[in-house]
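Each remark here refers to the structure printed beneath this line.
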Amino acid sequence: MSPVFRAGDEVEVNGTSLRATVLDLLGEGGQGEVYRAILHGEDVALKWYHLAQATPEQRKALERLVRRGPPDKRFLWPRALVSAPRRAPQSFGYVMAIRDDRFASIVDLMKRRVEPSFRALATAGFQLADSFLALHSRGLCYRDISFGNVFFDPRTGDVLVCDNDNVTVDGSRMTGVQGTPRFMAPEIVRGEAAPTSATDLWSLSVLLFYLFMVHHPLEGRRELEIKCLDLPAMTRLYGSQALFLFDPSDPSNRPVPGEQDNPLAYWPLYPDAFRTHFLRSFTDGVRDPAHGRVRESEWRAAMVSLRDAIRTCPSCSAEAFIGAGAPERCWSCRHTFGPALRVRLPGGEVVLESGTQLYRHHLELNGLYDFDGPRAIVQRHPQDPSRLGLKNLGGSSWTATDTSGQVHEVASGRSVSLTPGLVIGFGATTGTVLS
């Protein structure tokens, strides 16, 4: 089928005198075509629905979304409806911000076209959980969380959520998109439920498992034993007989070495505290969808803790983790790790290495996560690189008490040498340096 629009064609922005000019076709999906366009001097994306999808119900849903506005800046939200009465009078579309080229898909991660750091992955996981918390807190349901609708910057971990035109009020009976195969909650696969925020939580956990394990949480030995992955087989695998790869009480669906190596390689790298969230998501979350699934706020806290647990191998510079269950040897070069210098804060422990940054949520007891501006940074001593210091980047002085009981003031812009036993008063909180 040839595209609806060609370069130079125009569409009308509903309710205004503005027109958007089509530049080129970006892609096509089941619902419609997506074009690059220019509107009022700005590059935008234009989604145009196939005629069968351009229903009055979809139009009303879009109008509601435009009026509401996005939950936060990470959503490429519908800005305005557009129409083309002379070319396609029965159809319509909408314009939204265009995705920057720095963003990649999780498919790119799986095909190893991008190689993000663990810090970038943990940041992406945090932003995903935070984004869907913002959406759900407004009483909305995404319905179709999958790796086709989420993009991340492999360098920074910044996230964009796309295809927001299927977002509905949580619990509404709107027909249409039920989800993407492999991401739909078991109760939807079995035909027992429609999309809700509870099924979004399942899809979010599947997406995060893909992000950190580069594999699906239910595709183990049972998948390999299926001769034909038809609809009945998929219903069993992802619905009626859903079984987590690492279910502690049933090992029958473990990954098969030589065939499903990614989860076997990645699962042991993470601390127990992080893996526990996946265990709960895909065991309790199968049996008790209403209460057993990991909430967005819990995923946020888990991702912050995972970021804080990252250590660097002194032999090969590979990233690894501290914490119960984490390996004692580097996964890359097999170097045996020694004790990690870290600071114990009310919210948990943070590994202290050159470049480590502490943020407001580390040093204040307000429960708000904030990565916008660091309050402290670990730096090497200019004359002795083996010594580390913590520089005060905030506006208030700290107090530092060494093991002899001497108290020193650490003014803004100054540093304190990091030694085990040092106690730092940050104002609202106190941290103890450990090794």
Side-chain angles (χ1 to χ4, degrees), residues 30-31 71 106 125 128-150 161-213 215-220 222-223 226 229-247 249-250 253 263 275-300 302:
Q31 283 190 309
I106 298 179
L128 284 170
D130 194 50
S131 296
F132 287 109
L133 177 60
L135 182 86
H136 293 154
S137 66
R138 297 182 67 175
L140 300 173
C141 167
Y142 189 82
R143 300 172 64 96
D144 191 22
I145 299 174
S146 72
F147 51 46
N149 298 332
V150 169
V161 183
C162 307
D163 292 339
N164 296 288
D165 49 332
N166 293 310
V167 171
T168 60
V169 173
D170 192 21
S172 69
R173 298 184 177 274
M174 178 179 173
T175 59
V177 173
Q178 297 293 297
T180 296
R182 290 183 167 86
F183 286 87
M184 290 187 291
E187 60 270 27
I188 296 180
V189 175
R190 296 191 299 264
E192 299 170 359
T196 63
S197 59
T199 65
D200 274 359
L201 292 179
W202 172 273
S203 303
L204 174 61
S205 294
V206 173
L207 184 69
L208 293 173
F209 196 84
Y210 266 118
L211 194 67
F212 289 93
M213 310 298 169
H215 198 81
H216 192 281
L218 307 180
E219 293 177 359
R222 290 184 175 184
E223 183 214 10
I226 296 172
L229 196 60
D230 54 13
L231 183 58
M234 293 182 72
T235 300
R236 291 193 300 272
L237 184 65
Y238 304 111
S240 59
Q241 298 177 19
L243 181 64
F244 182 42
L245 299 177
F246 300 106
D247 190 304
S249 61
D250 187 346
N253 196 31
R275 293 190 300 231
T276 296
H277 287 73
F278 287 121
L279 286 168
R280 207 178 104 210
S281 295
F282 303 122
T283 54
D284 294 346
V286 174
R287 295 186 291 266
D288 185 4
H291 306 100
R293 291 175 182 164
V294 177
R295 305 295 307 182
E296 316 90 326
S297 57
E298 295 175 285
W299 276 124
R300 284 196 316 177

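Quick note: numbers below take in every heavy atom, side chains included, and nothing from hydrogens, waters or symmetry partners.
- Note: F147 and F183 meet the aromatic proximity criterion, with ring centroids under 6.0 Å apart.
- Using a 4.5 Å heavy-atom threshold, the side chains of T168 and L140 count as separate.
- Side-chain N/O atoms of N253 and E223 include no donor and acceptor closer than 3.5 Å.
- Using cut-offs of 30° and 60° on the angle between ring planes, the pair W299 and H277 is tilted.
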Report task. Run the numbers on L204 and Y142 for side chain to side chain contact (heavy atoms under 4.5 Å, CB included), then give the verdict. Result -> CA-CA 10 Å; L204 174 61; Y142 189 82; over 6 Å; no

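- Between P289 and E187, the shortest heavy-atom distance links the atoms CB-OE2, 3.5 Å.
- Here the side chain of D163 pairs no donor or acceptor atom with the backbone of N149 at under 3.5 angstrom.
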Requested in this report: Report the C-alpha separation of R293 and R280 in whole Å, then their side-chain angles, then the decisive distance to 0.1 Å, and conclude whether the side chain to side chain contact (heavy atoms under 4.5 Å, CB included) test is met.
Outcome: CA-CA 7 Å; R293 291 175 182 164; R280 207 178 104 210; over 6 Å; no

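- Side chain of H215 to main chain of Y210: no donor-acceptor pair is present (N/O by atom type, distance under 3.5 Å, no hydrogens or angles).
- No side-chain heavy atom of R143 sits less than 4.5 Å from a side-chain heavy atom of V167.
- The aromatic rings of F209 and F246 are tilted relative to each other, their planes meeting at an angle between 30° and 60°.
- We find the CG-OG1 distance between D230 and T235 to be 8.5 Å, quoted to the nearest 0.5 Å.
- When all heavy atoms of A233 and L229 are compared, the closest pair comes out as CB-CA, 4.1 Å.
- Taking OG1 from T283 and CG from L243, the interatomic distance works out to 10.0 Å, rounded to the nearest 0.5 Å.
- Closest approach of L207 to S146, counting heavy atoms only: CD1-C, 3.8 Å.
- Put simply, the side chain of E219 never gets that close to the backbone of H216: no donor and acceptor are under 3.5 Å apart.
- With contacts defined as side-chain heavy-atom distances shorter than 4.5 Å, the pair L245/L218 does not qualify.
- With hydrogens and angles disregarded, no donor-acceptor distance shorter than 3.5 Å links the side chain of D284 to the backbone of S281.
- With no hydrogens or angles considered, a side-chain donor-acceptor pair links D144 and T180 at under 3.5 Å.
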**Report entry** Verdict with reasoning, T199 to M184, per side chain to side chain contact (heavy atoms under 4.5 Å, CB included)
**Finding:** CA-CA 7 Å; T199 65; M184 290 187 291; over 6 Å; no

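- For D170 (side chain) and C141 (main-chain N/O), no donor-acceptor pair under 3.5 Å exists by modelled atom type.
- Between the R300 side chain and the L128 main chain, no donor and acceptor come within less than 3.5 Å of each other.
- V161 and N164 make their closest contact through O-ND2, 3.0 Å (heavy atoms, listed as atom of the first residue, atom of the second, distance).
- Scanning both residues, P186 and A242, for their nearest heavy atoms gives CG-CB, 4.3 Å.
- Between the side chains of H136 and E296, at least one donor N or O lies within less than 3.5 Å of an accepting N or O.
- A 4.5 Å side-chain heavy-atom check between N166 and Q31 finds at least one atom pair inside the cut-off.
- Going from atom CZ of R138 over to atom CG of L133 covers 12.5 Å, rounded to the nearest 0.5 Å.
- In this structure the side chain of V294 never reaches within 4.5 angstrom of the side chain of L201, judged on heavy atoms.
- Contact check for Y238 versus V206: no side-chain heavy atoms found under the 4.5 Å cut-off.
- In this structure, W202 and F282 have perpendicular ring planes: the angle between them is above 60°, well past the 30° mark.
- Other residues, nucleotides and ligands place no more than 12 heavy atoms under 6.0 Å from the CZ atom of R295.
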